[in-house]
Amino acid sequence: MDDWDRSAEMNRRAWDEIAGPRHAWRLAQGYDAGFLARGGVCLPDPVRDALGNVAGKSLLHLQCATGEETLSWAVLGAQVTAVDISELQIGIAHRTAADAGVEVEFVTADVGELPSVLNGRTFHVVYTATGVLTWIPDLWRWARIVASLVTTEGRFMLFEEHPVASCLWGGEDGIEVADYYFARGRPLPGIGWSHFPGGDDAREEKVEFHWPLGDVVTALVDSGLRIVRLEEFPAAPEWRFGPQRARVAQLPGLFLLVASR
C-alpha cells in the first residue's frame, strides 16, 4: 500500500463517520429531496455562469459527498455520473436521488482508482468543488487522472477554497496564519471537522494536504490540459473566520479554474 492508498483508506473511514451529521447540515440548509424535485439547484453562481447550458452533456462529479450539487447538475439536464470515496455518503446521495426522482449514476471509489473503475470512459464535463484538493496526496497524479477523464474538446472545472484562505484562521484577537502556504504535499493529520454541527465529535483520524495555486495550475498544464479561465473571489465563511469575516473578505477566498482538452 503506497502513501496515496494509506491516506485514502484513513480518509474513507473519516468520511463514513461524519456522513450523518454532514447530511443533516445540508438538510438544514434546505437542500432536501423536495427542493431538488421542485427543480431547485444549489450550485454557486460562478460555476453555473462558467459552464452554461449542460443539458444532454455527460458530466462527471468527483468527490461528490452526499450529492446535492450532483443532483443539481442532473436537474439542469446533464447526464451525471458521481463519485465519492465514502460508501455511506454515496448511499445518502442515492436515496436522495430516488426520493427526488432524479437519475444519477453513483460510484463508490477513490479518485485514484477511477481510470480502472470507469473503464476508460470520458466525459464532456469533469467537475469538482469546495474542499476537494485537501484530500489529494499527489497533485500531479490527480491532474493526470483528471485529464484522462475529459473527452476531446471537453472541459474540467474546479471551484475551490483559495489556498491563501486555507492558511488563515480568525478569532476574537484577529487573523492568524494557521499553516505554511508552501507546505505542498506534506501530510497534515487531524481529527474533527469545523464547518458543520457535530463535526467536532468525530474521532476518526484524517489526513489532509495543502497545495499552492501555482502548483494546481502547473500540474493541470503538465497533464495536457489548457487553462482557459482562472478567477479569484472573496469569501469569508463563518466557520473559519468568525468575527474577522469583514477583514478577510479583502483577500481571495475562492477560485474557479476551467481547463479544456
Fill in: Asp2 bridged to Arg141 by N-O distance under 4.0 Å
yes
Discussion item. Looking only at the side chains, is there a donor atom on one of Thr151 and Arg121 sitting less than 3.5 Å from an acceptor on the other?
Written reply: no
Worksheet item: Any Lys/Arg nitrogen of Arg203 or Glu17 sitting under 4.0 Å from an Asp/Glu carboxylate oxygen of the other?
Response: no
Discussion item. For Glu161, is there an ion pair with Arg240 - N to carboxylate O distance below 4.0 angstrom?
Written reply: yes
Fill in: Salt bridge Arg186-Asp179, side-chain N to carboxylate O under 4.0 Å
yes
Worksheet item: Using the benzene-type ring in the case of Trp, are the ring centres of Trp169 and Phe241 under 6.0 Å apart?
Response: no
Worksheet item: Say you draw a straight line from CD of Glu103 to CD of Gln79; how long is it, rounded to the nearest 0.5 Å?
Response: 9.0 Å
Fill in: Donor-acceptor side-chain pairing of Thr66 and Glu68 below 3.5 angstrom
yes
Worksheet item: Hey, does Gln89 have a side-chain heavy atom less than 4.5 Å from the side chain of Thr108?
Response: no
Worksheet entry | Charged N-O contact under 4.0 Å between Arg48 and Asp45 | no
Worksheet item: Going by atom types only, do His61 and Thr70 share a side-chain donor-acceptor pair under 3.5 Å?
Response: yes
Discussion item. Taking the six-membered ring of Trp193 as reference, does the cationic atom of Arg22 (NZ for Lys, CZ for Arg) lie under 6.0 Å from its centre and within 45° of its axis?
Written reply: no
Discussion item. Just by distance, no angles: are the side chains of Glu69 and Tyr127 close enough, under 3.5 Å, to form a donor-acceptor pair?
Written reply: yes
Worksheet item: Below 4.0 angstrom, N of the basic side chain to O of the carboxylate: do Arg229 and Glu231 qualify?
Response: yes
Discussion item. As an exercise, state the distance from CG of Asp215 to NE2 of His210, rounded to the nearest 0.5 Å.
Written reply: 9.0 Å
